[in-house]
Amino acid sequence: MIDPRVLRDDPDRVRAAQAKRGLADDVVDRALSADESRRKAIVEFEAKRGEQKRLGKLIAASGKGGDADEKQALLAQTKALAVEVKAAEAAQNEAAEEWQAALLAIPNLAADEAPAGGEDNFAVLETIGSPRDFATEGFEPRDHLELGRMLGAIDVERGAKVSGSRFYFLVGIGAQLERALVNMAMDQAREAGFTEVIPPSMVKPHAMEGTGFLGQAADDVYRLEGQDMYLVGTSEVPMAAFHSDEILDAGSLPLRYAAFSPCFRKEAGSHGKDTRGIFRVHWFDKVEMFVYTTPEEAEAEHQRLLGWEKQFLDNLELAYQVIDTAAGDLGLSAKRKFDCEAWIPSQGKYRELTSTSNCTEFQARRLDIRSRGESGTAPVATLNGTLCAIPRTIVAILETHQQADGSVRVPKALQPYLGGRELLEPTVG
RNA sequence: GGAGGCGUCGCCUAGUCUGGUCUAUGGCGCCCGCCUGCUAAGCGGGUUUGGGGCUACAACCCCAUCGAGGGUUCAAAUCCCUCCGCCUCCGCCA
C-alpha cells in the first residue's frame, strides 16, 4: 500500500507512476474520492456517536434519584439516535472498505531511476565475466538435461511420471549438489550477519495478500482445497509476515534473515516456455534473503543485497549480467528491482538466476509492521533478494563448467561442500 | 478428533458472576523532573495503538481500540453467537 498522504497531497505523482508502469490512472481518482467520502462519513458517525455517549451518561445519572419522567424522555430520544448511529457506522465502514480496496489496487511507486516500459525495456547495469566460447574450445556444449542425465543427477522422466510436467527428482550427485548449494548460501548469509530461518511454506491469506501476491499474480499461486491456505511461491511471503502486526524497536534494525524453503508456482502464464529440463518448474527450493530496515536505509540496503547475490554468483564462477528491471515488470510491491542473469550456454542468452526488490514501506503498510523511534512509530521498509534458487543454479553450473566428455568442473568455493570433489563425472553413457 | 480452561493498553495483573461512576486498577519496566559526594533508595509526573477535526504533520478536542467478527441493549471489557489463538488432559501419530 502506498502512503495515503502522498496520494492525497500529490496525486499527480501517483498518476505519473501509474503511467510509467503502463497502467491506467483512473484508480487514483477512485481512491481520492473514496478518501473524501470516507472522511465525511467519519465526521458524521463520530458526531452522532459522541452525542449518544453524552446522553448515555445522563441516563446513568438519572437512574439514581432522578425523576422517572425525565429518564423516559431521555430513553426515547436516545433510542432514535441509536438507529442513526448504527446507520452512520455502516456508512463509515462501507466508505472505508471502498477506500481500502482502491488503495490496495495501486502498486508501489516505481523509482525514478527504474527504466519505463515493460519486460523488454530493462537496462543492463553491468556484465561480469564473459560467456565461455565453446566453439574455440572445440566442442558443442550439452544442455543441463543431458548433463544431468549423464551424471545421474536429474530425472525429469520420473518427475513427470510421479508428479506431472515441470517436476523432477534430484538424484545422487544432483541431490548432493542441492545440499551443497544450500549450505554454501546459508554459510555466506550467516557470515554476513543474517539469521537463518526455516519458515512455513503454507500461509494464511493475509500473508499472501500483504506481500502482494493475491492481485494479478494470484493465478500463479496454489491454494489448498477447502483450507483457505496457500503454498508460498517464495519465502518472502512468510518472512514478510514474520513481523506482521508488530512494532519493532528502531534500534534493532536492520533485521536480516536468510530463509530456506520450498517454492511452489503454477506457472500459469508460461505454457510452452522453458519446457525442457528444470529451468522452470512447479516446485523448487530456495535460500532467500529478507530484510527489515528503515525507509532511509532501504536504497543502500538494496545495493548490499545485490552485492551478496553477486558474491554468491562470483563464487560459483558464473558469467552474468545485472539488469535494472523496467517499471512495468516490477511486480506490485517493488519500487525497484535488480536481476542477476547468468549466461546459459545451451540457450545462448542470459537468464534470471536471482532477483532483489526494494519494497520500501509498501508491504509493511499492508502487514502493519512499524518501528518505534524518536519521532514515534512509522512503517519499516522491507527488501528481499534471492541468494540461491536451486534448479536454475544447478542449470548454470552444469552448463557453464561442463567439459567435452560430459564431466563438470566443481567451482573452488563449492568444493568443500562436496567433500572436496573437483570434478563430477558421468556415470552413464 | 474428544473434554475442559484461558485470551485486558511492553510484561504481569484487577475488573467479567451482579451492563452505566471503566476517562480500564495496581505492580514491573521505561521516559522526564526533584532530591542526592556518585550509585541506589525516596518523591512527583508521564507511558496502548489507529483514525478524524483543527492545524505548523505542534498544542488541543473528538471517535475507535479489553484476541477477531457479529448480535442483544438507550448503553457491552462485562450478556449471547461464530471464528481464531494458547494451555491442560485423553485419543491418534512422524
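These figures come from a predicted structure and were not determined experimentally. Letters A, B, ... are given to chains in the order of the sequence lines, protein chains preceding strands, and every chain is numbered from 1.
Of the P atoms belonging to B:rG2 and B:rG10, the separation is 34 Å, rounded to the nearest Å. Nucleotides B:rU8 and B:rA76, compared at atom C1', are 14 Å apart to the nearest Å. Look at the C1' atom in both B:rU47 and B:rA56: the space between them is 26 Å, to the nearest Å. Atom name P, nucleotides B:rU65 and B:rU23: the rounded distance is 12 Å, in whole Å. Here, B:rA68 and B:rC11 have their P atoms 14 Å apart, quoted to the whole Å. Rounded to whole Å, the separation between the C1' atoms of B:rU88 and B:rG29 comes to 31 Å. Rounded to the nearest Å, the gap between the P atom of B:rC28 and that of B:rU13 is 16 Å.
Remark: B:rU82 base-pairs with B:rA68; criterion is Watson-Crick or G-U wobble with both hydrogen-bond distances under 3.5 Å.
The heavy-atom pair separating A:His144 from A:Ile154 by the smallest distance is O-CD1, 4.1 Å. Looking at every heavy atom in both residues, A:Asn108 comes nearest to A:Ala334 through CB-O, 3.6 Å. The shortest non-hydrogen separation linking A:Ala396 to A:Leu318 is O-CD2, 3.7 Å.
No side-chain donor-acceptor contact under 3.5 Å links A:Lys286 and A:Thr386.
When rounded to the nearest whole Å, the span between NZ of A:Lys57 and C1' of B:rG19 equals 15 Å. Between A:Glu51 atom CD and B:rC74 atom P there is a gap of 17 Å when expressed in whole angstrom units. Distance, A:Arg49 CZ to B:rC74 P: 14 Å, rounded to whole Å. The CD atom of A:Gln77 sits 17 Å away from the C1' atom of B:rU73 (whole-angstrom rounding). Protein atom CZ of A:Phe45 is 12 Å distant from nucleotide atom C1' of B:rC62, rounded to whole Å. If you take CZ of A:Arg372 and P of B:rU47, they are 13 Å apart, rounded to a whole angstrom. Residue A:Glu246 contributes atom CD, which lies 15 Å from atom C1' of B:rU49 at whole-angstrom precision.
Nearest to the side-chain atoms of A:Lys86 among the listed nucleotides B:rU73, B:rC74, B:rC63 stands B:rU73. Among the nucleotides B:rA64, B:rU73, B:rC74, the one closest to any side-chain atom of A:Lys53 is B:rA64.
Between A:Trp283 and A:Tyr168, the angle of the ring planes stays under 30°, which puts this pair in the parallel group of the 30/60° scheme. Ring geometry for A:His282 against A:Phe167 counts as tilted: the plane angle lies between 30° and 60°, on a 0 to 90° scale.
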* Structure fact -> With sugar-phosphate taken as primed atoms, P, OP1 and OP2 and all else as base, the protein-contact string of nucleotides 50-59 of chain B at under 4.0 Å (heavy atoms; B, S, -) is SBSS---B--

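A:Gln52 has a side-chain polar atom (N or O) that falls below the 4.0 Å cut-off from OP1 or OP2 of B:rA75.
Note that OG1 of A:Thr356 is 10.5 Å distant from CG of A:Leu387, once rounded to the nearest 0.5 Å.
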